[in-house]
Each structure stands twice: as C-alpha cells, then as structure tokens.
Amino acid sequence: MLEVRDIKKSFGTQQVLKGVGLTVEKGDVVAILGPSGSGKTTLLRCINFLEKADEGTMIFDGETFPLDRMTKKDIARLRRKTAFVFQNYNLFRNKTALQNVTEGLIVARRMSRDKANEIGRQALDKVGLSDRYDYYPSQLSGGQQQRVAIARALATDPEIIYFDEPTSALDPELTGEVLTVMRKLAAEGRTMLVVTHEIRFARDVSTKVVFMEDGRVLEAGSSDVFFANPKEERTRSFLRTLEQERAQS
Amino acid sequence: MDERLLNIIADSFWKILLPGLTVTIPLTAVSFLLALIIAIVTAMVQFANVRVLRQIARFYVWVIRGTPVLVQLFVVFYGLPRAGIMINPFPAAVLVFSINEGAYASETVRAALESIPKGQMEAGYCCGLSYLQIMRRIVLPQAMRTAFPPLSNSLIGLLKETSLAANITVTEMFMVTQRIVARTYEPLVLYIEVGFIYLVFCTILTKLQRICERKLDTYEKVQDYAADRRIGGLWKRKERSGGQR
C-alpha cells in the first residue's frame with residue numbers, strides 16, 4: 001500500500017536520513033523503533049511532506065512519486081488519504097474538540113455541517129470522549145487531547161494513520177488511555193505507521209518493526225521475529241536497555 | 001467659582017461633546033478599521049514571506065514609523081494640493097491616521113502571528129486545509145486574540161491622536177474647544193474640560209476592552225486543572241465554565 005525507498009534528508013551539514021526505506025501493507029501496524037536522534041520522526045515527517053526529503057521515492061496505492069519534487073497538488077491529494085497524529089497533539093486551540101474533528105471534513109472535504117458533526121461525534125465516541133464534544137483543548141488533559149487528535153485522524157477515514165511518538169508528551173498514567181485507543185484501532189485493521197518508544201505496544205500490537213539507528217534502518221521484519229530473535233547485536237542491546245529501564249520504573 | 005465660569009463650562013460641554021460624538025469618534029472608528037485591514041495585509045505578506053510585497057511592506061513601516069504624524073497630516077492636506085491632489089479635511093485625516101496606525105498595528109499583528117506555534121499550521125496541512133484556509137480559520141483568529149490587548153492600546157492612542165486633525169481644519173473636539181477659548185478667554189477650565197471628555201471616552205474603551213477580552217477568553221483559560229485544584233478555594237470556578245466567572 002505504501003512503500004518508500006532511499007529517503008535522504010540533511011539539515012545543514014548533518015545528514016539525518018541516509019537512505020531509508022520501508023513497506024507498509026494494508027492492515028499493517030508498523031512500529032518504527034530506535035534511539036533518540038536516529039531519524040525516526042524526520043522519516044515520518046518526510047513521508048507526510050512536513051519536511052521535504054532531499055532524495056527518495058514513494059509508492060502510494062501503486063502510484064510512484066519523487067519525494068524531492070512533489071507538486072502541491074499531489075501533496076494535497078495524498079494528504080487526503082492519510083492522517084497524522086503529533087507528539088504534542090497540535091489541536092487547533094481556538095476550536096472545540098468536535099470542531100477540531102470536523103474542520104478537515106467541512107473545510108477541506110466540503111462535507112455538510114450536519115454530516116460532519118455526525119461523523120465527528122462518532123469519532124469522539126470511539127476514543128471515549130462522548131462527554132467532551134464542546135470542550136476547548138485547554139480544558140482537556142493531555143491524554144484527552146491526544147485522543148481528540150486521534151479522533152480527528154479517524155474522522156477522514158484515511159488509508160493510513162501516521163503517529164509521531166503519540167505518548168511521549170504524556171504522564172505515565174495518561175499514556176495508557178491513548179495506547180488503549182490505538183490497540184482498538186489496530187484490532188479493527190487500521191493501517192498504522194507508528195514512531196514510538198513504547199516497546200510493549202510495539203511488541204503486543206505491531207505486525208512489523210523497523211529499527212533505526214543513525215539515519216539508517218538497521219533491522220526490519222515481522223515483530224514476532226524481531227522481538228523473539230533479533231538479528232543484530234545493536235538491536236539486542238537496545239531492547240535490553242529498554243527492558244531494564246522499564247523494570248526500574 | 002463665579003457664575004460666569006460655571007455657565008461657560010455648562011454651555012461649552014455640549015458644544016464640545018457634540019463634535020466628539022460626530023467627528024472624533026467616527027474619525028477614530030473609520031481610521032482604526034482601515035488601519036486593521038492594512039495591518040493584517042501588511043503583517044501577512046511579511047509572515048508568508050511574499051518576495052516583493054514583503055519589501056514594500058518593510059519600506060512602508062519604515063517610512064511611516066520614522067516620520068511624525070503631524071508632518072504626515074501637513075504633507076497630505078497642505079502639500080498634496082501642490083501636486084494637484086486636493087483632499088477634504090476629514091478624508092485626509094482618515095487617510096493619514098489609517099496609514100499611520102496601520103504601520104504600527106502591522107508590527108503588533110506580525111508579532112502575534114509569529115507567536116502561534118508552527119504545529120498549528122502543520123496540523124492544518126495534515127487535515128487537508130490550504131495555506132489560506134489555515135491562516136483564516138486557525139492562525140489569524142488565535143493571533144488576533146494575542147494581539148487584542150496591544151491593539152486596544154493603539155485604539156485608545158488613536159482616539160487622542162485625532163486631536164491633531166485640528167491642525168488641518170477638521171472641526172473635531174479640540175478645534176471646537178480652541179474656538180470657544182478664543183471667544184471666552186478661559187483656557188484653563190476649557191482645556192481641562194475637553195481633556196476630561198477624552199478621559200471619559202478612553203475609560204469607556206478600556207471597559208469595552210475588558211468585556212471583549214473576557215468573551216474571547218473561552219479557549220485560553222484553564223491550562224492546568226491540577227494546578228487549579230491546588231489553588232483550591234482561592235479561585236472558585238463553575239464546573240465546565242472555563243471562562244465566565
């Protein structure tokens with residue numbers, strides 16, 4: 001469904017992505033793991049054109065696109081088939097929860113307000129916020145805001161949802177409610193590409209894992225194999241460190 | 001105080017207030033409205049980095065902020081006729097005040113635009129909105145909320161600044177006061193009187209500002225419920241109100 005090949009990206013003299021590729025099939029939940037600074041987030045941002053890649057190719061639904069010279073029209077078209085959940089939620093601060101969810105439907109997709117509100121309420125119900133339709137982001141907790149953001153992503157019924165460390169900005173007690181929602185989506189067969197530090201989520205939910213370090217993919221494959229029997233020594237040591245950290249906390 | 005003086009004060013009060021209501025306030029309102037439009041456009045072309053327009057905007061702000069408004073009034077009203085451009089006093093004042101205020105306000109709006117987190121823009125793109133849609137529906141409304149207090153400040157400043165229009169024969173409050181002084185020779189009480197009327201106008205504007213800010217506050221109020229609970233009884237807030245106290 002989605003394939004990217006050989007993405008390269010530099011900020012100034014520093015090359016953050018040194019030729020990264022990955023494949024996502026329909027229904028896959030792909031977790032991108034790796035230490036901080038390995039380029040995970042940049043990769044995801046390049047895939048959704050929030051950063052312009054210096055090189056690389058994308059194949060989306062069988063169509064091939066050059067990532068370094070995308071037309072505005074293609075970007076707009078592809079963004080309609082995708083959704084993005086940010087680390088710090090990025091809810092529209094001047095809109096209520098429901099308006100956040102319906103904005104893209106009414107303005108970008110020219111849906112009638114009634115129909116958009118109906119879809120918006122359903123999406124908010126799904127993430128467990130049926131009593132928060134008219135709250136502004138500033139009146140919601142971090143976990144609730146992130147769930148609104150997920151509802152906003154769901155409302156447009158995208159072919160794939162990108163998550164950029166969706167629980168990293170949350171207190172430990174609030175990450176659970178967000179992960180529960182994401183589990184539910186995975187169980188429904190949503191295609192998801194998730195940059196995460198939640199090793200347990202990756203192990204339990206994802207179907208594939210991509211392990212990145214220093215701007216490259218070090219190891220990629222089905223998550224059962226990855227966690228049971230990691231090939232690379234670096235991957236093993238990374239998993240060990242995470243296990244230890246979790247045991248301590 | 002003798003009776004003559006009291007009579008002058010009472011007689012002149014309405015004579016001064018009337019041009020205040022019919023000239024000073026309309027002049028302020030129209031100029032400020034136009035200034036806001038100029039300011040938003042000027043700030044937007046700089047924010048969006050539109051190449052040539054950005055330079056024109058910087059040039060405009062540079063010239064207008066660098067010259068006295070009184071000089072600008074004289075150039076337009078007494079100077080331009082030499083170039084064959086005759087403008088009546090009131091429109092000339094509107095022109096100068098809106099262009100002048102627009103330059104200052106554009107800097108306020110620009111700063112407010114730049115204070116909106118980049119993530120708002122990115123989230124808009126990811127929802128499929130276009131640049132202009134994001135500006136109009138997400139970024140500008142938030143920026144205008146931020147810019148509201150300093151813009152209110154400018155409005156109050158402008159109200160008082162309109163007294164300078166007396167210099168180009170606009171019969172606003174101050175000009176009328178000067179005429180009454182010339183007739184009665186009572187500069188002290190009459191200039192204090194007109195000052196008092198300006199003060200009343202500005203007080204009303206300040207009150208309006210506070211009411212509007214409270215209305216606009218709905219989405220900015222409670223950032224941290226936990227902190228709110230810690231303060232506990234100090235700030236009693238209605239459940240779910242998030243704004244109205």
Side-chain angles (χ1 to χ4, degrees), chain A residues 44-45 47-51 72-73 75-97 99-111 131-132 134-142 144-145 148-149 152-153 155-156 158 161-162 164 169 171, chain B residues 48-50 109 112-148 212-230 235 237-245:
Chain A
L44 202 63
R45 289 172 62 85
I47 291 178
N48 204 25
F49 320 109
L50 291 173
E51 304 285 352
K72 270 190 177 167
K73 227 172 117 190
I75 290 178
R77 194 158 57 88
L78 285 177
R79 276 194 178 135
R80 266 164 211 232
K81 301 185 187 182
T82 65
F84 200 99
V85 175
F86 294 88
Q87 180 175 355
N88 51 358
Y89 339 126
N90 284 343
L91 294 182
F92 304 130
R93 293 187 308 182
N94 57 331
K95 307 262 173 201
T96 63
Q99 288 168 341
N100 261 280
V101 179
T102 57
E103 186 73 13
L105 299 173
I106 295 170
V107 181
R109 287 169 184 78
R110 312 220 157 272
M111 194 180 278
D131 53 346
R132 293 287 189 278
D134 299 325
Y135 281 47
Y136 285 95
S138 61
Q139 298 168 313
L140 298 170
S141 74
Q144 289 169 335
Q145 288 189 56
V148 173
R152 180 170 71 178
T156 58
I161 305 179
Y162 306 120
D164 181 16
D171 291 338
Chain B
N49 229 335
V50 189
V109 175
L113 283 173
E114 277 163 10
S115 77
I116 306 302
K118 222 176 96 206
Q120 296 287 308
M121 200 99 209
E122 292 182 345
Y125 281 132
C126 289
C127 285
L129 274 59
S130 69
Y131 180 82
L132 284 177
Q133 285 171 334
I134 297 171
M135 287 309 285
R136 194 166 56 80
R137 302 183 56 93
I138 311 293
V139 176
L140 255 184
Q142 291 183 35
M144 289 321 275
R145 173 63 194 89
T146 309
F148 190 80
C212 291
E213 271 179 35
R214 214 166 290 167
K215 278 243 166 81
L216 287 167
D217 254 357
T218 35
Y219 68 85
E220 295 245 313
K221 256 304 153 55
V222 195
Q223 277 300 344
D224 182 0
Y225 270 131
D228 225 40
R229 250 176 272 129
R230 280 198 294 279
W235 275 17
R237 197 187 307 277
K238 269 183 255 153
E239 184 74 15
R240 249 205 81 171
S241 74
Q244 313 93 25
R245 259 172 279 178

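In what follows, chains carry the letters A, B, and so on, assigned in the order in which the sequence lines appear, proteins first and then strands, with residues in each chain numbered from 1. Just so you know, these numbers come straight off a predicted model, no measurement behind them.
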Run A:Val107 and B:Arg137 through side chain to side chain contact (heavy atoms under 4.5 Å, CB included) and show every step you take. CA-CA 9 Å; A:Val107 181; B:Arg137 302 183 56 93; 3.2 Å; yes
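Two residues are said to be in side-chain contact when any heavy atoms from C-beta on lie closer than 4.5 Å; B:Cys126 and A:Phe86 meet this criterion.
When each of A:Lys72, A:Arg80, A:Arg45 is checked for heavy-atom pairs under 4.5 Å with chain B, A:Arg45 comes out on top. Ranked by heavy-atom pairs under 4.5 Å with chain A, the first of B:Leu129, B:Val139, B:Ile138 is B:Ile138. Among the candidates A:Ala155, A:Ala108, A:Ala76, the residue making the largest number of heavy-atom pairs closer than 4.5 Å to chain B is A:Ala108. Put simply, of B:Gly124, B:Ala123, B:Gly128, the one with the most heavy-atom pairs under 4.5 Å next to chain A is B:Ala123. Listed options A:Ile75, A:Thr96, A:Thr156, A:Leu50 were ranked by heavy-atom pairs under 4.5 angstrom with chain B; first place goes to A:Leu50. Of all the listed residues (A:Gly142, A:Ala153, A:Gly104), the one sharing the greatest number of non-hydrogen pairs under 4.5 Å with chain B is A:Gly104.
Proximity to chain B (any heavy atom under 4.5 Å) is restricted, for A:Leu91, to the backbone atoms N, CA, C and O. Interface remark: A:Arg109 contributes side-chain atoms only to the contact with chain B (heavy atom separation under 4.5 Å).
Looking at residues two or more places apart in sequence or on another chain, you find a side chain to side chain donor-acceptor pair (under 3.5 Å) between B:Ser130 and B:Gln133. For A:Asp164, the side chain to side chain donor-acceptor pair (under 3.5 Å) partners are A:Thr41, not counting sequence neighbours.
Atom CG of residue A:Asn94 and atom CG of residue B:Leu140 lie 10.5 Å apart, to the nearest 0.5 angstrom. One finds the CD atom of B:Gln142 at 9.5 Å from the NZ atom of A:Lys95 (value rounded to the nearest 0.5 Å).
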